[in-house]
Amino acid sequence: MKDESPSRTRPLPQGQGMTPVRPDARTLIDTFLDPGTWRSWDGTPADPAAPGSGYAEELAVARAKTGYDESVVSGEGLLDGRRVAIVACEFSFLAGSIGVAAAERLTAAIERATAERLPLLAAPASGGTRMQEGALAFVQMVKITAAVAAHRAAGLPYIVYLRHPTTGGVFASWGSLGHVTAAEPGALIGFLGPRVFESLHGYPFPEGVQVSENLFAHGLVDAVVSAEDARQVAIRVLAVLCASREGASTRPEPDERVQPTEAWEAISRSRRDDRPGVRELLRFGAHDVTPLNGTGEGENDPGLLMALARFGAVPAVVLGQDRSRRQIAAPFGPAGLRVARRGMRLAAELGLPLVTVVDTSGAALSKAAEEGGLAAEIARSLADLVVLDAPTVCLLLGEGAGGAALALLPADRVLCAQHAWLSPLPPEGASALLYRSVDFAPEIAAAQGVKSTDLRRDGIVDRVVPELPDAAYEPEAFCRRVAAALEHEIAGLLRRPPADRLAARLARYRTLGTG
Ligand SMILES: CC(C)(COP(=O)(O)OP(=O)(O)OC[C@H]1O[C@@H](n2cnc3c(N)ncnc32)[C@H](O)[C@@H]1OP(=O)(O)O)[C@@H](O)C(=O)NCCC(=O)NCCSC(=O)CC(=O)O
């Protein structure tokens with residue numbers, strides 16, 4: 001569709017910095033899609049205004065002024081060669097507000113995307129419910145939400161790019177339901193519009209709250225990116241979310257005999273500062289990596305890295321305890337587990353394999369962690385994982401101390417790096433518990449069967465990935481070896497019927513130690 005609109009861009013409101021312009025809906029769509037591939041799905045919208053009314057006049061003026069026939073645009077195109085559906089608001093048309101006709105256009109487009117099994121991209125920018133249409137407009141958010149929920153329930157991706165400004169019922173419905181959500185830099189994103197707030201209360205809404213960057217800081221959006229970068233994010237995300245779940249056959253499992261190591265030596269090696277962690281695993285062993293941010297519900301934890309990625313051909317949601325953040329952040333706590341549980345839901349909903357990476361010296365032990373529900377969150381994580389409706393692989397990568405490790409353990413297949421370990425407490429803690437002294441940690445570690453080969457012997461681990469002779473000496477090669485093992489395991493799981501996979505997982509944990 002060729003754009004004839006006179007309002008291709010809009011100036012930013014006062015006080016929003018120096019960025020001079022924001023793209024209108026069609027410019028945004030042109031930025032997103034491959035050139036020349038856009039096809040509109042829009043028919044002539046119904047006219048909700050009584051002829052001769054003030055509202056009819058406003059609609060006529062908006063149409064003449066903007067070149068748009070309604071506040072939303074819908075259609076399809078190619079994104080890096082992949083067919084996608086797209087819906088976007090045009091703010092210059094009555095503030096991108098949603099009345100019955102706009103809601104109908106949105107809902108029909110979402111339903112068509114679902115019927116044609118297309119990934120859906122949404123780019124709202126709106127003052128919310130159209131005030132001229134009142135309560136009937138207000139309840140339209142329900143049908144839009146129902147359509148989004150059905151799209152997601154069909155296992156289809158929904159990606160949201162929040163633009164300046166997104167407020168009210170739009171933010172509180174289809175703007176906040178993305179599997180992945182990005183926001184425009186410096187954009188005003190909030191529930192109640194600040195102008196309305198000030199008029200109602202007589203003082204301004206606090207500055208710096210309803211802005212993309214603050215939403216990111218609170219784990220409410222995954223990224224703050226320009227429209228050009230949002231295109232690249234969407235391409236990478238869809239490369240993972242739409243990747244084949246067939247489980248292409250990989251090379252046969254290599255014979256990975258490992259040299260036996262003393263437990264204490266393994267523990268010492270696992271604690272080296274230069275040992276590769278989940279970040280190095282993703283850098284050297286994965287591609288199409290997109291970090292996700294926070295719970296989407298107002299919490300974040302720098303100790304938990306969540307990302308979409310591919311290992312070779314296979315896609316995955318990766319949830320990893322991030323050793324690189326230990327020095328600068330509080331230890332992994334209940335918020336980290338809530339972030340992890342978002343990743344689990346994402347995997348289950350989209351049928352994506354899940355990879356958990358255990359590398360923790362123990363959970364946060366603090367007032368905040370206790371009051372934040374650490375134990376309950378470990379329990380919920382265990383409960384979610386053990387019955388998760390997705391192929392799951394756990395990688396014990398380094399330290400594996402206590403409930404924080406256990407919370408990410410249950411999986412169809414469990415891999416363990418040669419010098420990784422799993423223990424109910426850090427060995428020093430176990431020594432203190434039994435002997436009121438930390439001095440017996442090496443002996444206790446040896447006796448508790450915490451090292452990789454012991455874990456494999458006991459059926460807790462399926463496969464040990466060698467370190468030659470230590471992951472810290474060969475980080476790149478080690479990470480590639482681990483990634484190849486992950487790809488192999490995931491591909492194998494994808495080839496199994498889901499019901500068999502789940503039954504085998506439950507049987508494994510039912511019989512551990514007794515079988
Ligand atoms: C979105 C904004 C921050 C944009 O500020 P700007 O300074 O850029 O623009 P502006 O305020 O001059 O608005 C541009 C024009 O759009 C109109 N306008 C804004 N929002 C509208 C709406 N929802 N319905 C109908 N018209 C609307 C304004 O009156 C103005 O008209 P003119 O140019 O003629 O003067 C602000 O408009 C705002 O705070 N809007 C209210 C947001 C909000 O609280 N929505 C909740 C609605 S109830 C809802 O959605 C349900 C729910 O909350 O669950």
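Every number for a ligand or one of its atoms is a count from 1 in the order of the listing. Note that the structure is predicted; figures quoted are calculated from it, not measured.
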request  = Would you kindly specify which portion of Thr167 sits under 4.0 Å from ligand 1, judged on non-hydrogen atoms: side chain, backbone, both or neither?
outcome  =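 The answer is the side chain.
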ask   = Does ligand 1 have a heavy atom under 4.0 Å from the side chain of Gln132, from its backbone, from both, or from neither?
value =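 For Gln132, the contact with ligand 1 is made by the side chain alone.
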query = Taking atom types as modelled, is there a side-chain donor on Arg279 or Ser324 under 3.5 Å from an acceptor on the other?
reply =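 Checked: Arg279/Ser324 side chains pair up, N/O donor to acceptor below 3.5 Å.
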Between [X] and [Y] (side chain of the first, backbone of the second, donor and acceptor by atom type, cut-off under 3.5 Å), is there such a pair?
{"X": "Arg413", "Y": "Ile490", "value": "no"}
{"X": "His218", "Y": "Gly298", "value": "no"}
{"X": "Ser126", "Y": "Gly128", "value": "yes"}

For [X], atoms of ligand 1 separated by under 4.0 Å from a heavy atom:
{"X": "Leu192", "answer": "44 (O)"}
{"X": "Phe138", "answer": "51 (C), 52 (C), 54 (O)"}
{"X": "Met131", "answer": "24 (N), 25 (C), 47 (C), 48 (S)"}
{"X": "Gly193", "answer": "39 (O), 42 (C), 43 (C), 44 (O)"}
{"X": "Val196", "answer": "41 (C)"}
{"X": "Arg130", "answer": "24 (N)"}

task = Run the salt-bridge test on Glu280 and Arg323 with the 4.0 Å N-O cut-off and return the result as yes or no.
result =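 Arg323 and Glu280: not salt-bridged.
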query = Could Asp80 and Arg236 be called an ion pair, given the rule that one side-chain N must be under 4.0 Å from one carboxylate O?
reply =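 Salt bridge flag = no for Arg236 with Asp80.
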task = Check if Phe197 has a non-hydrogen atom at a distance under 4.0 Å from any atom of ligand 1.
result =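 No, that is not the case, since the closest heavy atom of the residue is not under 4.0 Å from the ligand.
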key: Residues forming a salt bridge (Lys or Arg N to Asp or Glu O under 4.0 Å) with Asp47, sequence neighbours excluded   =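 Here the qualifying residues are Arg63.
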Nearest to [atom] by heavy atom, [options]: which?
{"atom": "atom 1 (C) of ligand 1", "options": "Gly96, Pro165, Ser97", "answer": "Pro165"}
{"atom": "atom 12 (O) of ligand 1", "options": "Glu133, Gln210, Glu58, Arg195", "answer": "Arg195"}
{"atom": "atom 19 (C) of ligand 1", "options": "Ala95, Gly127, Ser71", "answer": "Ala95"}

Report, one line per pair, each donor and acceptor closer than 3.5 Å where one atom sits in a side chain of residues 185-206; sequence neighbours left out.
residue, atom, partner, partner atom, Å
Ser199, OG, Arg195, O, 3.0

ask   = Is there a nitrogen or oxygen of Gly168 sitting under 3.5 Å from a nitrogen or oxygen of ligand 1?
value =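 In fact, backbone or side chain, Gly168 has no N or O that close.
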inquiry  = Considering both backbone and side-chain atoms of Gly169, is one of its nitrogen or oxygen atoms within less than 3.5 Å of a nitrogen or oxygen in ligand 1?
reply    =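 Right, the criterion is met.
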task = Identify which one of Glu377, Glu297, Glu299 satisfies the salt bridge (Lys or Arg N to Asp or Glu O under 4.0 Å) criterion when paired with Arg341.
result =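 Going through the options one by one, the only one that passes is Glu377.
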